[in-house]
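Worksheet: one structure, shown below.
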There are 2 protein chains.
Amino acid sequence: MNVGEVAALAGITVRTLHHYDRIGLLSPSGRTASGYRRYSAPDLDRLHQVLVYRELGFPLEEVAALLDADDPAEHLRRQHRLLRDRLERTQAMVAAVEKEMEARAMGISLTPEERFELFGDWLPEEYEAEAEQRWGDTEAWEQSQRRTRSYSKDDWVRIKAEGEDVERRFAEALRAGVPADSAAAMDLAEEHRQQISRNFYDCGPEMHAGLGRMYVEDERFAAHYEQIAPGLARYVSTAVQANAARQAG
Amino acid sequence: MNVGEVAALAGITVRTLHHYDRIGLLSPSGRTASGYRRYSAPDLDRLHQVLVYRELGFPLEEVAALLDADDPAEHLRRQHRLLRDRLERTQAMVAAVEKEMEARAMGISLTPEERFELFGDWLPEEYEAEAEQRWGDTEAWEQSQRRTRSYSKDDWVRIKAEGEDVERRFAEALRAGVPADSAAAMDLAEEHRQQISRNFYDCGPEMHAGLGRMYVEDERFAAHYEQIAPGLARYVSTAVQANAARQAG
DNA sequence: CTTGACCCTGACGCGACGTCAGGCTGTGCA
DNA sequence: TGCACAGCCTGACGTCGCGTCAGGGTCAAG
């Protein structure tokens, strides 16, 4: 195969193949009399490995070293491991974004530490308390609120009232002994979900279930509900997850 | 906060912050009398957005444009969408690596098209047939086999015999009417899994279940089993997945 | 035998920093 | 009070992984 064909097949540019040839990462196994690069099946094989490692963020020099040192089975194992790591990290980032969405929707402020948790390899706690004190105060938070909203004041009042209404009815149901997995509680949960979708972001049942889990696992969110009524965090969480299961089923 | 503190918190270098300041992507909201950069809470907020977009592969200039144009809710929605895309892609890559592992273990050759499927935005079929003809021949494959193995010839013979033994016993069980989700069939599946783990790569129950699904979904693997006995692909697939469920439960 | 698509080799440019160099600042402690 | 030493500053040059011409040969179709 010629450069152009290989490039099209692999979704890269001809220039990239030239580059890989120049730096000795992937030299085609043959040339025509007129100097055209000719790529063989093993060359494509190697290119494939290169692209996987590249996507995983390895510098090309290191890729060359790896490919020249280890056997194919080892590459597959390593790539598998690295990809699973990446999967985990991406899942964590998705979860973090969803948490942030929910925090905004509920008017809870996350600390910088919480936000940066995914980046940088975790810091000593010494720092934590100090920064919490410095940045966790309400002034910065209120300012941030003002800055971040595009809703008008009236919208905002209405949205808050809607949210508190559902929370109140959740609390009533809890007090009245209505089971959290009853149809009535699930209906409330569904209303909660649609409210979020309307006012903040598109929240499908699956994502809603994730939020439900967070309501008990994350102390900030738990505190928000516990403050309204003891046991409400778990109650809402159960109702939301039961509703999600109902939607799925 | 000073540069060093922010850098430590966010898991980046001081130089990176200098760079972001220089290009106007993130300028600290204040300076001390002596010229030290001082970062405020909103600055950290912006930095966080920058890092997420950066991780998602956006050029910094575009990040600046996005951050100056849209409101926070829009960023969260966009980031959520992009992260979910990335999740899907990573899952596809994991699946591809597992498929490749299994192909090697079973002695099946994947075409370059299959391997590059994840890269480059899918090609016209015109190409497909031609390349298949060029690269799908057994000569290149055998050569690749010789190149890629680090096992000795004797090892290789033994491993192949082991594999064929289990396949034969699967076929016998099928012929004898042993249900695919019976304990006996699951035991065979478990033996199969351990064989793969010993001889090729570490194959946990979850991964094994994935392979099981592939045995019927991918025509190449299906053909391998159907050639031994009709209905064997589905039979093995079911047994493998039942065994994985048993292990998990 | 020409036209147009494809290939070649330099060579320079660029984005996102890394890495000094040379000098000022802030603080713990002797 | 002085000073050692960590931390901050601003250039300025280097690096990696290509993108993007420029200038010129190649090849299949008509």
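None of these values were measured; they are calculated from a predicted model. So you know, we letter chains A, B, ... as the sequences are listed, proteins then strands, and number each from 1. Note: hydrogens, waters and symmetry copies are ignored here, and every other heavy atom, side chains too, is used.
- Ion pairing of Glu55(A) with Arg89(B) is present here, as a side-chain N (NZ or NE/NH1/NH2) and a carboxylate O approach within less than 4.0 Å.
- Salt-bridge annotation for Arg46(B) and Asp68(B): present, with a side-chain N of the basic residue lying under 4.0 Å from a carboxylate O of the acidic one.
- Taking only side-chain atoms of Ser34(B), from C-beta outward, the nucleotide of dC18(D), dT26(D), dG26(C) with the closest atom is dG26(C).
- Atom CZ in Arg31(B) sits about 6 Å away from atom P in dC9(D), given to the nearest Å.
- Residue Arg22(B) contributes atom CZ, which lies 12 Å from atom P of dC9(D) at whole-angstrom precision.
- Rounding to whole angstrom units, CE of residue Met1(A) and P of dC7(C) are separated by 11 Å.
- Closest contact between the side chain of Tyr20(B) and the listed nucleotides dC9(D), dC17(C), dG19(D) involves dC17(C).
- Following rounding to the nearest Å, Tyr39(B) (OH) and dC9(D) (P) show an atom-to-atom distance of 7 Å.
- Residue Phe58(A) is out of contact with every strand shown, counting any heavy-atom pair closer than 4.0 Å.
- One can place CG of Asn2(A) at 10 Å from C1' of dC27(D), the figure rounded to the nearest angstrom.
- When each of dG19(D), dC8(D), dC17(C) is scored by its nearest atom to the side-chain atoms of Arg15(A), the top-ranked nucleotide is dG19(D).
- Of the candidate nucleotides dG17(D), dG19(D), dA16(C), dG17(D) has the atom lying nearest to any side-chain atom of His19(A).
- A straight line from OH of Tyr36(A) to C1' of dG24(D) spans 11 Å, rounded to a whole angstrom.
- Asn2(B) is linked by a side-chain hydrogen bond (donor to acceptor under 3.5 Å, both in side chains) to Arg38(B), counting only residues two or more places apart in sequence or in another chain.
- Straight-line distance from the CD atom of Glu5(A) to the C1' atom of dC6(C): 10 Å, rounded to whole Å.
- Note: CD (Glu61(B)) to C1' (dC14(C)) measures 11 Å, nearest angstrom.
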